[in-house]
Structures are given as C-alpha cells and as structure tokens.
Amino acid sequence: MTEQSASRERIPVGISACLTGEQVRYNGGHKRSRYCLEVLQERFAFEPFCPELAAGLGVPREPIRLVGLHDETPRVLGTQDPSLDVTERLEEVSQAFVDGHRHLRGFILMKGSPSCGLERVKVYHPNGMPSHSDSGAFVRALRRHFPELPLEEEARLNDAVLRENFITRVYAFDDWKRQVEAAPSYHALLQFHSRQKYLLMAHHVETYRELGRYLADASKRPLDEAMAHYLQRFMAALGRPATRKGHTNALLHVLGYLKQAVDGEARQDLLTAIEDYRQGHVHLVVPIRLLTHYVKRYGSDYIRAQTYLDPHPFELGLRNTI
C-alpha cells in the first residue's frame, strides 16, 4: 500500500445492519459477518442500515416476502397476513436512504432477504406457490436511484473473484468521488480515465476503447452530461469480473512501457510470469509484484500512476487467490 493510501480515512460503505451483529432480523437474531467486521472494517467505515426496521416493522416481526407474477414488480407482503403490505413504505425509506447517503462507495447486502437480497430472492405467486426470483425491494431502489453504487452480498464475498471485484469497484468509485466529483472539470475526468485505463482494459476492453473515443470529444458536451455518461459506463464495465484473458492483456500492455528500459533477461522473466499466470499456474499477485518492481525503477510517471497495479490495499491479499 502506498503512503497516500495508508494515510486515507476509512472508506464509507453501507451494510445490512444484521451483518454487523445488530439484532434486527424478523426473529430478533442477527447474521454477524466475521470477514466484514474483522477484516474489511479496518478499511471501510461501515454505515449499517435495515430498511425493514426503517419502514416501521418491529423486532421481532412477521416475516415478509416478495409476491407477484413474472411480468410485474413484486409487492412486499406479510407471509401470514397478506394484508400487511409494506411495498410503498420500503420504497419511501429506500429513496430517503439514497438521498442521505450519496457519499457511500458501496453496500454489502444480506443474502436472500426480501429487502436486501441482491439476486435469487424467492418471489411467490399470489396463490402462495414459489414463482420465480428477483432482487430485494431495497436493492431494486438502490439500482434505480443510485445505479453506480457497487453492490455485493456478504455470502458472495467468500468467492475470491467476486470479493476482489467488489473491493476494486469500491476503491475505484472512491477515487471518482475524491478526485472528480469533489472538484468537477474536464481535466479531472481525463486524468481519472488516464490512471484507470489498464484497470478498465482488464475488465472490459470494448468499454476501454469506447470511453477513449468518447472522451476525445467530451469537451463539446456539457460537463455534467459527460461525467454521468462516463461514470455509468465505467462502473458497468468494472461490474464484470476481469478474466485471465483480460488481466493478461493489461499486463502485456504495462510491460510494453518497460521493454526499452529493462534488459533481455528481465524482460523474459516478466513474460514468463505473465504466461504462467495466463495458464493458471500462478496467481495474479506474481506477475503484478514483478511488474511493480520494475515500474518503480524504470517506469514513467504515467505508468506508475496506473491504479491497475495497486487498486486496493496489498495487505488484503485479494490478488493472492485469483
């Protein structure tokens, strides 16, 4: 981790309150997450929120569930008393939450919850039989009113690729908030794209090319329009977990900035490390650390500034397992 990142304040991230150990579930229990509280809390300033509690449902309370047909937005009803309909209340508290929490860089959600479930939440037919699946009511509101916000379920953080992807998105969004949104300008937008280029390339090379072309004429557009378009496309691209092919492409491009500065033996070592990664023999950390060593010694200011080489704190070990 760089001195700059070491001195940063913790990043504000929302989290379903039950994951912090708060006893807010329908049965008075919780789902305390050890990873969030014992690892991520060193980096993230968690802001707990329970939409069901905010909507006026007590603890304990009657469980709620999603009810509806395939072609309609499900309603949120009581499991025992269908006349208990909290659909509008959940929408209101969700909108109020977004309005008051635009500073967040991400949100960690509770799996399977009719309010906080990211996906695969059961939706029941009005006759009581399971019908299909959808996102929870709070998540649908987040996506509608705050679409650029990185979202992930706590249970999916057990997957190394999804874990690294989510935390990468949080830190990239934090960079945007600090360096572009805090002092908007065309220059700030171009500088952001410049240092995020190879991270974007690793995740989705087509968007990397598309946004490069878009920014060539961005100054002809209103600044707020250019920023909104760029951020939407950038965060959508980062939402795609990078593949070995994508990482290999980005690694080779970074290496291209060193080929005149390092000798043949060092260059071959770097190529071997990248090829070993491409074939799945080593984790991403191996070529990254070797490249970073030479970039620090021989790289230009441009390549040293690439967030791809250091997108999140090294101590989290996120690239040790992908």
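If you look at H203 and Y208, their ring centroids are not closer than 6.0 Å. When ring centroids are compared, F192 and F234 come within the 6.0 Å threshold. Here the two rings, on Y257 and Y302, have centers that are under 6.0 Å apart.
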Open item on the list: Pair R140, L66 - check side-chain contact (heavy atoms from CB on, under 4.5 Å), show working.
Closed with: CA-CA 12 Å; R140 288 198 305 276; L66 303 180; 4.2 Å; yes
- [ ] Applying salt bridge (charged side-chain N to carboxylate O under 4.0 Å, His left out), run through E275 and R278 and close with a yes or a no.
- [x] CA-CA 5 Å; E275 179 61 15; R278 187 188 70 80; 2.7 Å; yes
TODO: Given side chain to side chain donor-acceptor pair (under 3.5 Å), test H253 with Y198 step by step and report yes or no.
DONE: CA-CA 8 Å; H253 273 78; Y198 294 116; 5.9 Å; no
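In the hydrophobic clustering of ILVMFWY residues, with side-chain heavy atoms under 4.5 Å counting as a link, F173 and F49 come out together. No path of Ile, Leu, Val, Met, Phe, Trp and Tyr side chains, each step under 4.5 Å between heavy atoms, connects V86 with V67, placing them in separate hydrophobic clusters.
Rounding to the nearest 0.5 Å gives a distance of 11.5 Å between CG of L318 and CZ of F166. Distance SG/C50 to CE/M110: 11.5 Å, rounded to 0.5 Å. Summarising the geometry, atom CG belonging to L316 is positioned 10.5 Å from atom CD belonging to E164; distances are rounded to the nearest 0.5 Å. With rounding to the nearest 0.5 Å, the separation of CD in Q196 from CD in Q306 is 8.0 Å.
Counting only distance, with no hydrogens or angles, the side chain of E62 and the backbone of D81 share a donor-acceptor pair below 3.5 Å. The main-chain N or O of V285 is never found under 3.5 Å from a side-chain atom of H283 such that the two would form a donor-acceptor pair. R169 places no side-chain N or O within donor-acceptor distance of the main-chain N or O of M235, the cut-off being under 3.5 Å. Judged by distance alone, with hydrogens and angles left aside, the side-chain atoms of T292 form a donor-acceptor pair with the main-chain N or O of I288 at under 3.5 Å.
For the pair R289 and F314, the distance from NZ or CZ to the six-membered ring centre is under 6.0 Å and the angle to the ring normal is within 45 degrees.
The pair E206-R240 fails the salt-bridge criterion, with no side-chain N (NZ, NE, NH1 or NH2) lying under 4.0 Å from an Asp/Glu carboxylate O. The pair D217-R221 does not count as a salt bridge, with every side-chain nitrogen at least 4.0 angstrom from each carboxylate oxygen. For R178 and E9, the salt-bridge test fails: no basic side-chain N is under 4.0 Å from an acidic carboxylate O. For R75 and E88, the salt-bridge test passes: some basic side-chain N is under 4.0 Å from an acidic carboxylate O.
More than 12 heavy-atom neighbours from other residues, nucleotides or ligands sit within 6.0 angstrom of NE2 on H293. For CD of E72, the number of neighbouring non-hydrogen atoms (other residues, nucleotides, ligands) closer than 6.0 Å is greater than 12. Within a 6.0 Å radius of CG in D71, other residues, nucleotides and ligands contribute more than 12 heavy atoms.
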